[in-house]
Student: 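Dumping the structure here so I can ask a few things about it.
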Amino acid sequence: MSNGNYTVQQNNGIRSTWKFILGELKPKGKLLTPFNIISVPVIITGIALIIIRFWKGIGSVTNLSQEVPWGLWIGFDVVTGVAFAGGAYVITFMVYILNMKKYQSIVRVTVLNGFLAYLFYAGALLLDLGRPWNVINPIIGNSFGTSSVLFLVAWHFLLYMIAELIEFSPAVAEWLGARRAHKILSGMTLGAVIFGITLSTLHQSGLGALFLMAKDKIHPLWYSEFIPAMFFVSSIFAGLSMVIFEGSVSQRVFSDQISETSHRSHDSILHSLSKICAVAMFAYFTLNVLVFIHEKRWSLLNTPMGYWYLTEIIGFVLLPMILFFMSYRKRNITMIRVASLMTMAGIVLNRLNISVIGFKWDSVSHYYPSWMEITVTLTVIFTEIWIFRWVIRRLPVLREAPGWNSHN
Amino acid sequence: MSIDRRSFFKALGVTGMTLAAGSRLSASPVPVDKNEFLGILYDSTRCAGCQGCEFACAEAHGLPAPSFEDVPVAGTVRKTDETRRTVINAYKTTRGDIYVKRQCMHCNDPACTAACLTKAMYKNEQGPVSWRGNKCMGCRYCMVSCPFDMPKFEYHSPNPKIVKCDMCSDRLTEGLKPACADQCPTEALVSGTRRELLAEARKRINDNPGQYYDQIYGEHEAGGTGYLYLSPVPFEEVGFNTTLQKSSYPALTKGFLYAVPSIFVLWPAVLLGIQQATKNDNNNAEEDE
Ligand code: SF4
Ligand code: SF4
């Protein structure tokens, strides 16, 4: 796969382009990897469950009830998944707005990751909709529920996916050998980035604002009018932790794709990212403490939910924050990885505590996801990884671009 | 290329403004006197627990009639669900057994309609809050938001509906009373405008202070509701949530929604400004350290 391929491809017209794409559809690399062996049966089961869900109704595969109408599919796939996808707007902000060229080498992979996350995790929303054929209503404009936070979030998902597609499109153009398109698409990057960051600010916080009306249903330790701000701030380090985690895995799995220079610069990128994470987490932690003191919640602490809250805030925010700070000073990569994993666990906890665990915490019957809900969630994640891997192996995402545009 | 970019920003700006304007328009309250909404006054001191309203409701909406074993018994709470839009419950209280009817409260400023992104859930000018199947996408955000947990969902249908009391809005447009109020033999259910019902309720409390607990549930709860309740005992004794806020639930998200247009206008400008400022600064990589 040298750059020479592209020039040859370019001149052979549409037919050979299709032939080329068909050729690219074939799997590359080993087939019997541990990941494939685990993911294929899960995906097949998941597809069967999705068919059952559309045939017999949502209740046939989920444990949702009249009291708990949103479960794992919304709480984890959508609410948590989108937080993890926040890395794309943070990294594009640093590279295109702050012009920190250092992070250039991870922009594409982060945007790709973000785009796929939105496509799949937000796409998982369709599985949870009882009447998905009406999903066009709020889009085509015959029914604009503009006073709804969900309306805002849905629109922003859609627009943001377009923005990310534009940000990523130069890589596609390079893959297809389309120089002219490449030039036009690259010219649109800055606009897409600015639009994308604005949309992200609003829908990351909007996901939190979704729960504002559920005031009496969410445990008071997690409910406050500041949920939108907290969701926004935490999406910064949630996204960056994902970038750190994904980068560490990619360095190993796709080592053939990564040039010697970007391999070496990766460690230094990780160090800087961990510093940003630590600062964002500090802001988030402070915000939590302020809200806690302001709302006088001391009496709630000495309860099972109180211990659970402390576990989240101390074990999965404060502790990884300290680790991030220390790893930066000690230049310890392993520590960064541990901290990023803990941070991600903390985000999962926080989002689930608001949307699932702390939702109707006082009701008699509790919601636990069924094995089928979990399988479908895994199906969504595994399919996303398959597509991600497919793209990485073919498009110039991790490896150097052909160098068509010397400047922007 | 710079021209391209400029026109692109213009397009962005226009989209942004449209989105922003949309949320601003809808955020302005409808100029309607909430006391002219039609509502129902339920007086639990008059209710005999005969379930006549449950039967009438089931018949009016093509739902299964309650079975003979399915009767109100003190100690068990029956809940509305996808097959019944209203239920009567019995409570043992300090003043004997008391029956209480439950159903959607038809809030003045409903959380469910503010939540609904398709306007499937809507409150019409007469007052009832009802649901339109041709719009709803089944997201169940109305269920998440309703402080009374009233919208119910058909989890076992491939074409699920949201089910809840609609105050028989079809009958109301024809000038008829809601089915439940129409048949109530003891006149525990009375329909009328909210203004009339509030006056009537207050009159009953004043005429008979010994018989009633001095509160009209629904007068202020959740910003006021179309359904109003009278009870001989404090409302928490008969299964009501008395800690609900007195202001409207949609107001909780207004602050956020109001902020959206300004962010949409300010953010791109700020970002572009920073971008221009840092453009020729190649040493940023070091600065970060
Ligand atoms: S009680 Fe619930 S469902 Fe009924 S109008 Fe109020 S918010 Fe809507
Ligand atoms: S489930 Fe239907 S009625 Fe309820 S909020 Fe969603 S679209 Fe509206």
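All values reported here derive from a predicted model rather than from experimental measurement. Proteins come first, then strands; the chains are lettered A, B, ... in the order of their sequence lines, and each starts at number 1.
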Student: Give, as side chain, backbone, both or neither, the part of B:C136 having an atom under 4.5 angstrom from any heavy atom of chain A.
Tutor: both

Student: Between B:P268 and A:I194, which heavy-atom pair has the shortest distance, and what is it?
Tutor: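 Minimum heavy-atom separation between B:P268 and A:I194: CA-CG2, 3.6 Å.
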
Student: Measuring from atom NZ of B:K119 to atom CZ of A:F151, what distance do you get when rounded to the nearest 0.5 angstrom?
Tutor: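 If I round to the nearest 0.5 Å, the distance is 8.5 Å.
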
Student: Going by heavy atoms in the side chains, are A:P132 and B:M137 under 4.5 Å from each other?
Tutor: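 No - every pair of side-chain heavy atoms lies 4.5 Å or more apart.
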
Student: With side chains defined as the heavy atoms from C-beta onward, is the minimum distance between A:K56 and B:H156 less than 4.5 Å?
Tutor: no

Student: With a 4.5 angstrom heavy-atom cut-off, which part of B:K161 approaches chain A: side chain, backbone, both or neither?
Tutor: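 Backbone plus side chain of B:K161, per the 4.5 Å heavy-atom cut-off to chain A.
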
Student: Identify the heavy atoms of A:S148 and B:A115 that sit nearest to each other, and give their distance.
Tutor: OG-O, 2.5 Å

Student: Could you report the tightest heavy-atom contact between B:N159 and A:R131, atom names first, then the distance?
Tutor: OD1-NH1, 3.2 Å

Student: Given a strict heavy-atom distance threshold of 4.5 Å, which part of A:Q66 is in contact with chain B: side chain, backbone, both, or neither?
Tutor: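 For A:Q66, the contact with chain B is made by backbone and side chain together.
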
Student: With a 4.5 angstrom heavy-atom cut-off, could you sort out which part of B:T80 is near chain A: side chain, backbone, both or neither?
Tutor: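 Contact with chain A involves no heavy atom of B:T80 at all.
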
Student: So which part of B:F256 gets closer than 4.5 Å to some heavy atom of chain A, the side chain, the backbone, both or neither?
Tutor: side chain

Student: Could you tell me if B:T118 and A:N137 have a donor-acceptor pair between their side chains, going purely by distance under 3.5 Å?
Tutor: no

Student: Just by distance, with hydrogens left out, do A:D216 and B:Y249 show a side-chain donor and acceptor under 3.5 Å apart?
Tutor: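 Their side chains do contain a donor-acceptor pair, which is all the 3.5 Å distance test asks for.
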
Student: Under 4.5 Å heavy-atom distance to chain A, tell me which part of B:S157 shows up: side chain, backbone, both or neither.
Tutor: backbone

Student: Report yes if some heavy atom in the side chain of B:Y155 is under 4.5 Å from a heavy atom in the side chain of A:P69; otherwise report no.
Tutor: yes

Student: What part of A:K217 gets closer than 4.5 Å to chain B, counting heavy atoms only: side chain, backbone, both or neither?
Tutor: side chain

Student: Are the side chains of B:D149 and A:K360 in touch, meaning some heavy atoms are under 4.5 Å apart?
Tutor: yes

Student: Which atoms of A:I74 are under 4.5 Å from chain B, going by heavy atoms: the side chain, the backbone, both sets, or neither?
Tutor: neither

Student: So for A:S205, is it side chain, backbone, both, or neither that comes closer than 4.5 Å to the heavy atoms of chain B?
Tutor: both

Student: Checking heavy atoms, do the side chain of A:V153, its backbone, both or neither come under 4.5 Å from chain B?
Tutor: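 When you check distances to chain B, no heavy atom of A:V153 falls under 4.5 Å.
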
Student: What part of A:P228 lies closer than 4.5 angstrom to a heavy atom of chain B: side chain, backbone, both or neither?
Tutor: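 The side chain, not the backbone.
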
Student: Might you point out which heavy atoms bring A:A209 and B:T253 nearest each other, and give the distance in Å?
Tutor: O-CG2, 3.9 Å

Student: For residues B:N134 and A:N134, determine if any side-chain heavy atom of one lies less than 4.5 Å from a side-chain heavy atom of the other.
Tutor: no

Student: Heavy-atom distance under 4.5 Å between the side chains of B:F264 and A:L199, does that happen here?
Tutor: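 Yes. Closest side-chain heavy atoms under 4.5 Å.
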
Student: Which one, A:L64, A:L212, A:I97, A:V149, leads in non-hydrogen pairs under 4.5 Å with chain B?
Tutor: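 Ranked by heavy-atom pairs under 4.5 Å with chain B, first place is A:I97.
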
Student: Using non-hydrogen atoms and a 4.5 Å limit, figure out which bit of A:D128 sits close to chain B: side chain, backbone, both or neither.
Tutor: both

